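Because the structure is a prediction, the values reported are computed rather than measured.
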There are 2 protein chains.
Amino acid sequence: MSNAYNRPDQLSPELRRRVLETARRLGYPGPDPVARSLRTRKAGAVGLLLTENLSYAFRDPAAIGFLEGLALACEDAGTGLLLVPANPEREDVAAVHRAGVDGFVVYSVPDDDPHLAAVLERPVPTVVCDQPDLDNVDRVGIDDQAAMHSLAQHLISLGHRRIGVVCMRLARDRNDDFVTPERQQAAHFHVQRARLAGLAQAFASVGVEWVTVPVAERFDHTMASGASAAAQVLERDPEITALICTSDILALGALAEVQKRGLRVPADITVTGFDGIREAEQAGLTTVRQPVLEKGRAAGKLLLDSAERTRPRAVTLSTELVLGSTAAPPRGTAEERWFGP
Amino acid sequence: MSNAYNRPDQLSPELRRRVLETARRLGYPGPDPVARSLRTRKAGAVGLLLTENLSYAFRDPAAIGFLEGLALACEDAGTGLLLVPANPEREDVAAVHRAGVDGFVVYSVPDDDPHLAAVLERPVPTVVCDQPDLDNVDRVGIDDQAAMHSLAQHLISLGHRRIGVVCMRLARDRNDDFVTPERQQAAHFHVQRARLAGLAQAFASVGVEWVTVPVAERFDHTMASGASAAAQVLERDPEITALICTSDILALGALAEVQKRGLRVPADITVTGFDGIREAEQAGLTTVRQPVLEKGRAAGKLLLDSAERTRPRAVTLSTELVLGSTAAPPRGTAEERWFGP
DNA sequence: AATTGGTTCTGAACCGTTACGGTCACTTCA
DNA sequence: TGAAGTGACCGTAACGGTTCAGAACCAATT
């Protein structure tokens, strides 16, 4: 039976014909993929876990890029890609338990996420992306701290000392407000923690007291969030000369907000982002470009290249500072006095 | 055992504790999802088949919108979404056979696609989207022919009679060239066939000989394709007053090409698209907006609402003509003489 | 004629889970 | 005291494939 479908060479054409003939007559729909998976211990699919609602993956340009890269790796290997529905609000990890996959890719979830814990308990290989190092788990990412540090250095060299920050959510609980230093250090989202650390380090090294810097956090990753956070920061300290956002989406929202308030960018205020999505490029945003597609592809490759079994492996991709038109020296600096406003 | 994990109420806490305890000691990784699926006959996932490489789903804005809607429906139902890798170049339907899913959504594949045939052979419910009617299969779509007809009417009322057309691929074989009338009628992509039919019908009714209209086909759905097709059409007939494209992506490419040639839009030439993606809106394209997200959501709902088992069902969503700034009366019409160029 | 080699075909074991029915101890009520 | 009822627990049979050992068969060699 099995041979008739999958190994035509193992039996005579005559028998094969007869088998298939009667199979059809009996209305046999072909081998059941699940039973096959059970026996062969191969599901032919990899699972993707991400911290947001499933549909979020198709709203955030950076996530889309990551998925495209991951899909590229999957189609090369002829593997399916299963999007695992992990509702961040609920603690329901059943979906992780139910996923019939040969491995998991975990993309940017809080490090205390129960879904992540459930994945790690499953006896399948896992690759994490934008996560802190984990024992015996492959990792793909960038050096968020260094990348943000270099962006900060750029702003510092332009003369900025009084800044405000807008960041994505730092933990699983909602806090659409300013962030305490403790919360910053305890942040469960590795990426955000690292970026803030890079900023803090750079500005502290030129004498800026980090605790005095307003850092506004937003749970939802939307332009509207960026706008409201920017408003909150500007309310707190109207004298800031630069608004640093930890993502382009937030930065685009912030940009809209400051412009709505009649501030000119970059003449009156500098705004920066992070990610390097296309929309940011069109807006001329000063930002850090990271290779999102490559991240996805690398994660997929790592998971599917079971040849090299020397785990854990780590891939750190490089980033690039993008000098757009939204950053300039603050008003009244030496440079401005030399070159005119 | 099973009860200990899945039905804590069926046994005493004491026994449950003991079972889990020894399970952990023996290194038992928890119930195997594949075996569970085999026994319960539920995979907890729906499969998505689309005609392009897997990664294409993340490159085309319309496809992304569809996927977002589908993901929305999936997350509501707590179901996973499995992207099935169906390479359009190869005839390898094994991936369809291997997919452990409770149902399929088939999105815009040629009606003679072997992958589609393989899906229909599987004994699971199926919903097709942007496909012709099929016996016993649910369907979601729009009235492509009517929508394109109304766009054509608009152009006709503006005074256009000499037009060129750029369309997506019409069959599984590559034909980056003009399309014969036979090929148009035999087109295996329902959507493209219907849109061309809508155009032909509208223009024929005002005396335009459809066979004289240059229709350029492109296999790849990219802006570059739109540009090269536009160039080919303009080469053939430089006198056309309108360039009608069957998708926004193609139209944006065509727009770039005509502008590169020094033609002003819409003063010298009218360009239209189809889909209503955001990029088109930003470019002010005259187009037809279709509710891509709703299509995905409707497809998912149809598949997952197993309550109503009165198959087959069909959902036809409505479209909307978007009057952008890329369509105007052709040069030298009465209107132009009245209002100036 | 018996042995060997090779091919084609058959049957049974196994993958790990859940559903189901049966056993057993213990309580309740006549 | 005994019958009936209740609930916890356990054993077993599928689910539908794949795999592999070995049976059966045929042809060629000794």
Side-chain angles (χ1 to χ4, degrees), chain A residues 1-45 47 78-80 82 84 93-104 118-119 121-125, chain B residues 1-45 47 78-80 82 84 93-104 118-119 121-125:
Chain A
M1 183 75 219
S2 169
N3 287 340
Y5 278 88
N6 307 318
R7 251 176 303 270
D9 51 310
Q10 292 294 306
L11 38 68
S12 61
E14 157 60 13
L15 178 69
R16 176 179 152 87
R17 195 193 53 72
R18 254 180 40 233
V19 170
L20 260 46
E21 156 53 22
T22 51
R24 186 152 29 82
R25 195 158 42 74
L26 265 47
Y28 175 73
D32 179 309
V34 178
R36 184 214 303 273
S37 284
L38 174 60
R39 181 64 236 233
T40 61
R41 323 252 51 185
K42 288 248 155 301
T79 324
L82 178 69
V84 178
V93 297
V96 172
H97 288 141
R98 270 199 341 216
V101 295
D102 300 322
F104 279 98
V119 164
E121 274 171 14
R122 291 272 308 260
V124 293
Chain B
M1 183 75 219
S2 169
N3 287 340
Y5 279 88
N6 307 318
R7 254 176 302 270
D9 50 310
Q10 291 294 307
L11 37 69
S12 61
E14 155 61 12
L15 178 67
R16 177 178 150 86
R17 195 195 52 72
R18 252 180 42 234
V19 169
L20 262 44
E21 152 67 27
T22 51
R24 186 151 30 79
R25 193 158 42 72
L26 265 47
Y28 173 74
D32 179 312
V34 177
R36 186 215 303 274
S37 282
L38 174 62
R39 182 66 241 234
T40 60
R41 323 252 53 191
K42 287 249 156 299
T79 323
L82 177 68
V84 178
V93 297
V96 172
H97 288 142
R98 272 200 336 219
V101 296
D102 300 322
F104 278 99
V119 164
E121 274 172 15
R122 291 272 308 260
V124 294

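Heavy atoms only, all atoms of each residue included: Ala35(B) and Leu38(A) are closest at CB-CD1, 3.6 Å. Nearest approach of Val101(A) to Leu82(A), heavy atoms of both residues: CG1-CD2, 3.7 Å. Taking each heavy atom of Pro33(A) and Ala99(B) in turn, the nearest pair found is CG-O, 3.5 Å. Closest heavy-atom contact between Val124(A) and Phe104(A): CG2-CD1, 3.7 Å. Nearest approach of Gly47(A) to Val84(A), heavy atoms of both residues: CA-CG2, 4.4 Å. Smallest separation of non-hydrogen atoms from Ala43(A) and Gly100(A): CB-O, 3.2 Å.
In this view, Arg18(B) and Glu14(B), Leu15(B) satisfy the side chain to side chain contact (heavy atoms under 4.5 Å, CB included) rule, not counting sequence neighbours. With sequence neighbours left out, Arg36(A) forms a side chain to side chain contact (heavy atoms under 4.5 Å, CB included) with Asn6(A), Pro31(A), Thr40(A), Arg98(B). Partners of Asp32(A) by salt bridge (charged side-chain N to carboxylate O under 4.0 Å, His left out), not counting sequence neighbours, listed by chain and number: Arg41(B).
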What does nucleotides 11-16 of chain C look like as a protein-contact string, B for base, S for sugar-phosphate only, - for none, at under 4.0 angstrom between heavy atoms?
--BBBB

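Lys42(B) has its NZ atom 16 Å from the P atom of dC15(D), to the nearest Å. In this structure, CZ of Arg18(B) is placed 12 Å from C1' of dC10(D), rounded to the nearest angstrom.
Using five terminal pairs a side, the axes of the helix from dA1(C)-dT30(D) to dA30(C)-dT1(D) at its two ends make an angle of 60°, given in steps of 10 degrees.
At a non-hydrogen distance threshold of 4.0 Å, nothing from residues 96-104 of chain A comes into contact with DNA chain D.
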Show, in sequence, the C-alpha distance, side-chain angles and deciding distance for Thr22(A) and Arg25(A), and conclude whether the side chain to side chain contact (heavy atoms under 4.5 Å, CB included) test is met.
CA-CA 5 Å; Thr22(A) 51; Arg25(A) 195 158 42 74; 3.0 Å; yes

